[in-house]
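Input: a single structure, listed below in structure tokens.
Here the structure is a predicted model, which means the values were calculated and not measured. To find a chain, count down the sequence lines: A is the first, B the second, and so on, and within it residues start at 1.
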Amino acid sequence: MAERSFAKEVQKLKQGDGETFSGEGILAITKALLENGVGYVGGYQGSPISHLMDVLADAQEILGELGVRFEASASEATATAMLAASVHYPIRGAVTYKSVVGTNVASDALSNLASGGVTGGALIIVGEDYGEGSSIMQERTYAFAMKSQVWMLDPRPNLPSIVAAVGDGFELSEASNTPVMLQMGIRSCHVHGSFAASDNRRPDMTVSQALESPRRDLERIVLPPATYLHEAEKLTKRKPAAERFILERGLNERFGQPSGKVGLIIQGGTYNTVIRALNRLGLADLYGDTDLDILCLNCVYPLVESQILDFCEDKEAVLIVEEGQPNYIEQQIGHMLYKAGKRVTLEGKGMLPMGGEYTGQVMLHGLGEFLTAYAPGLMPAAAVTKNEAPAPIPDLSDVLPARPPGFCTGCPERPIFAATKLVEQELGEHHISSDIGCHLFSIMPPFDLGATTMGYGLGPASAAAFHNEDPHGRRSISFVGDGGFWHNGLTSSVGNAVFNKSDNVIVIVDNFYAAATGGQDILSSRADNKTKQTQNSIVEACQGMGVKWIRQIDRTYDVTKVRDTLKEALTTQVAGPKVIVASSECMLNRQRREKPLLAKATKEGKRTVRPRFGVDEDICTGDHACMRLSGCPSLSVKDTGDPLRDDPVAAIDQTCVGCGNCGEVADAAVLCPSFYQADIVSNPTPREGRKARRTQKIIDWLQRRRDAKRVVFA
Amino acid sequence: MNIQNTSIAARRSPSAEGEKIITLAALAVGGQGGGVLTNWITAVAEANGYRAQSTSVAGVAQRTGATIYYVEMCRDTGRMPVFALSPAEGDVDILIASELMEGGRAIMRGFVTPGRTTLIASTHRIPAVAEKTVPGDGRADGQKVIEAMGIAADHTVAFDMEALAKSAGSMISSSLLGGLAGSGALPFPKESYEDVIRASGRGVEASLRAFNDAFDCATGKQQPPQPEAVTKQIETLHVPSRHQDKWAQLQSRLTALPVAAQEMTGLGLTKVVDYQDLAYGEQYMDMVEALALTDSAPFEMTIAGAKYCARALCYDDILRVADIKTRASRMTRVRDEVVVGDDQVLMVTEYFHPRFEEFTTTLPGWLGKRLRNSSRLEAFYARYLDKGRRIRTDRLRGFLMLWAVSALRPWRRSLLRHETEMAHIDQWFATVTDVAQRDRALATELLANYRLIKGYSDTHVRGHSKFARIMQALPILQGRPDAADWMRRLRTAALADESGAQLEGALATVQSFAGDAA
């Protein structure tokens, strides 16, 4: 069950000619795939493209009706390898993943796919996670397109352009027998807009039909001597074919007055930001009409030399707007101009920053600088003079607290790291390898645990070098999520540790979903899934890999147990890797699943119990030790209003889901007795109600009796 | 030629017909419903014949980090405007901040521009983790942000929209939308917002209430919820008739004190008497009176003494915890806090973990001292008894267990813990009275140092050790004109982090005085 259900939205995928489709960029791409007769779709989720996978999963019925096969791939490598179906058969296929991490994982398959080439259109939709709000290292997918020589589209970020790019991509792929990447920025994936829908098209050939009439062509298989042939073909046939297609179909757009002395060559994805900057400089209206000559590259690779040279002809200066580094496009254009002996001044990085996202303000400055230098006549007076006196706004940088993301309220991973902190308090600090996933929030306060993160499923692998010669010495602890475990951790991390007789400790954080990417089901998910086989055991998989020392913890909130198990793993003399599978359901998903059920049961008059936690403020001393082991959003501080006290005390707000972490941590760390658990029973049984009333009577009597004897607040 | 940063704060140009794009950014903390808010705003714009585009960065949004949502809109003229996908510095017309510090962050990021931006902000606080983990009070100063809002924004609508939404039984997204509608920053009628809320289907009535309340607050028709100074609930002190005389005596001793110190001493006295008994109140009054004798107006030392002597005397032991947990007033508070209906049953589980130390210190002094050194007993305890205990105080068995512990109160003075505490208090108080003869300001700070002693078990030990280390600086500081100031700084440093790293630094500075003097 994914975090967000698109069950309602996917009905829009049935729209046809004459209707206007309105929705998110992600949904628009899905619709475009169906309109273009795609035969199969696969991929791996990850921001910003997660929702595309969720949409497809929710749209399986519609896909099925059209004869389209959908797979939630095990990894991006799997997804890319899936495109092999387009090598010999004229079937259009599309896969999707986050880049650049997904592209890294996929690159082996990508090279093979690119070498042999394709018959049916093969489209790789990459969610480029770059710039502000990105969750990964800042690299460009562009390098992959160049090295494998696959083509790359970067359409203008509006729905009609994105939808057109899907169709263009398939055709370009077929015209040049080359896979095509369609790059989507973070925000264009989530942009809300509309476009004119067309009828969905059944694939010309379905994958079932292909199976019934198998084909093979030795020349398309990646094995010498065919590979030498492939390389030559890329240079002599496929690339020229692509260039022809790009020109003939006018993939790249020209805006403004072609006679201008200065011009811009921009990536399609930056078009809106460029136009806004020009608008603010008084050089474009709000519909994008401008006199400035612009070549908008909706296809950023390959660049067509004749088009570039033609654009630069008779210009005095050209600015390349290319986000990210290295500046591959600028380098190629510089090379073209130099070899052609052109004298036009080329600007790019320098006037614009080398790295970082080209935000509105960055673009405004860059374009302003370029135009002031090369076309000062164009710049309206208002734009170059100080049109507004800067106001002395107070500096708040010392006041504002950082707010990095952290574990959700009730997250079952929080107690695992609380336990790890407690173990470190006892046994000293250890080398800790982290992995990709929600559990990576352990590196943030209040836990501050984890030294490296090397890739999805590679947490334990990144501790591989650490082998202690002293069998009684410290071991490394590494974390890997259930998502990462199935992605490749089973082999790269666990199998590797078994094979190499590692002595280290591996903690598999099992929350029943690929939680960080939005709660998609995976092999070990506990839910029943109509189209997938779930409930496969992580423990058995590890044992199958040869792990001898393995412990399953079924309730991670038992901090004492997690602590003791971890301690045992770090001290046992059993040889080989020590694996702890710490399992509890992701609280976001659990709440989404259970809350409506609980409300319904309560409404129907069934006995239900809702747990919550609280703090006795008279017992809390305001030391906040509990928060240093928690960081739960619902556990916060409040004033007591008591003049005798200085520091705010702990308080738990209404958002508490009663996971029990507070009490368990207070117990395991022997913090303080101020936490209490309150279980509210709705529709109690008559017997239960009677018993509660009777007990209360006795308690009342005892309390009255005590209070009568002493000076006391009442 | 370089263009200075400040020179391009260029505004968006309208179309030839005068159409303008309106830009709106919303900064929210994950889980606050920022997505719902932007969907509503987009729908309102479209219902009013505008074209609108919204974007966000999802993913981390769900997970408690700060997130930006962005909407652009423009009257539909038949042509599609080129909308930007993210807010730019100096180019935001409307900024919505769903928490005070996020409003501050928007200002720092340049999204709030004088003469341009309407700022709609909720002034409530959601403390960040870094604020919560400080052993003292780590909360950021919100007043500075509120002042900056007044300077940075063209027009500010700021009040506690969270409290307002809560009292209407809704989420903050509804009251933020009401604040937006009431600000008049968008040219849309109020009814169109209400229609959109109605169309959204879930929790409509509550959402509309919150929306309307916020709308009225923004337009000045209604007084926004005022930040209430938290006051401790006034509980009445119940004095049984046979204690009335002694209590009256204590009251008269109280009124004999300097007026300035009476309020604090009164609070301290009731706390101490409530904690133990009237004789304990006398002991407390002795301490305060001793301080008052050497003090003069404005009696700051006496006030500090009244506060911290009460704190010191009311140390946190098992008896105290058991007493509080079994009080009628506490049960009532729990029921209120977790909201239990009359037809519901409440089960209360207490989390306890008494260690060997707690066990031995709750024994009579002579016995406790003997047993605490018995390693065999300690091993036995660790093996069989040292574990967390869940005690159900809604059940008779659990309640009686705690009740029995609390009933040890009359014998508290004979317990080992009391002996240790009193030795510590006496030593501290002797130092204070000694210093008070020469430097009252310093003595006041020494009194306040008791603030460091708090928590239970390891936390308590750590507090004690920090206290001891600060007190060690006394010989170096004594006699210096700025001694009190330094003592205060040392205490502030000790409260800044758990490890005491800042305290180390501060102590090193103080040590350097000693070097200078030598």
Partner chain B: residue of [options] with the largest heavy-atom pair count (under 4.5 Å):
options                      : result
A:Thr695, A:Ile652, A:Asp398 : A:Thr695
A:Ile275, A:Val399, A:Thr359 : A:Val399
A:Leu400, A:Val637, A:Thr560 : A:Leu400
A:Gly360, A:Cys672, A:Pro445 : A:Cys672

Over all atoms of both residues, closest heavy-atom pair of A:Glu357 and B:Ser86
OE2-OG, 4.2 Å

I'd like to know if [X] pairs up with [Y] as an ion pair, taking the criterion as any Lys NZ or Arg NE/NH1/NH2 lying under 4.0 Å from an Asp or Glu carboxylate oxygen.
X        : Y        : value
A:Asp707 : B:Arg327 : no
A:Glu617 : B:Arg330 : no
A:Asp646 : B:Lys454 : no

Side-chain donor/acceptor of [X] to backbone N/O of [Y], under 3.5 Å:
X        : Y        : answer
B:Arg105 : A:Pro401 : yes
B:Thr55  : A:Arg187 : no
B:His353 : A:Pro673 : no
A:His190 : B:Ser56  : no

Atom pair [atom1] ([X]) and [atom2] ([Y]), whose distance is rounded to the nearest 0.5 Å:
X        : Y        : atom1 : atom2 : answer
A:His624 : B:Lys132 : NE2   : NZ    : 10.5 Å
A:Glu688 : B:Met347 : CD    : CE    : 6.5 Å
A:Asp616 : B:Lys325 : CG    : NZ    : 4.0 Å
B:Ile126 : A:Thr655 : CD1   : OG1   : 9.0 Å
A:Asp395 : B:Met108 : CG    : CE    : 4.5 Å
B:Lys271 : A:Asp618 : NZ    : CG    : 7.0 Å

Would you say the side chains of A:Tyr287 and B:Thr77 form a donor-acceptor pair under 3.5 Å?
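There is such a pair (donor and acceptor under 3.5 Å, judged by atom type) between the side chains of A:Tyr287 and B:Thr77.
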
Residues in ring-ring contact (aromatic ring centres under 6.0 Å, His included) contact with A:Phe613, at least two apart in sequence or another chain:
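Partners of A:Phe613 under the ring-ring contact (aromatic ring centres under 6.0 Å, His included) test: B:Tyr351.
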
Checking B:Gln143 against chain A: side chain, backbone, both or neither under 4.5 Å from a heavy atom?
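When you check distances to chain A, no heavy atom of B:Gln143 falls under 4.5 Å.
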
Considering only heavy atoms, which portion of B:Arg355 lies under 4.5 Å from any heavy atom of chain A: side chain, backbone, both, or neither?
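Just the side chain, heavy atoms under 4.5 Å.
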
Name all residues meeting the salt bridge (charged side-chain N to carboxylate O under 4.0 Å, His left out) criterion together with B:Arg51; count only those two or more places apart in sequence or in a different chain, and write none if there are none.
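With sequence neighbours excluded, B:Arg51 shows a salt bridge (charged side-chain N to carboxylate O under 4.0 Å, His left out) to B:Asp76, given in chain and number order.
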
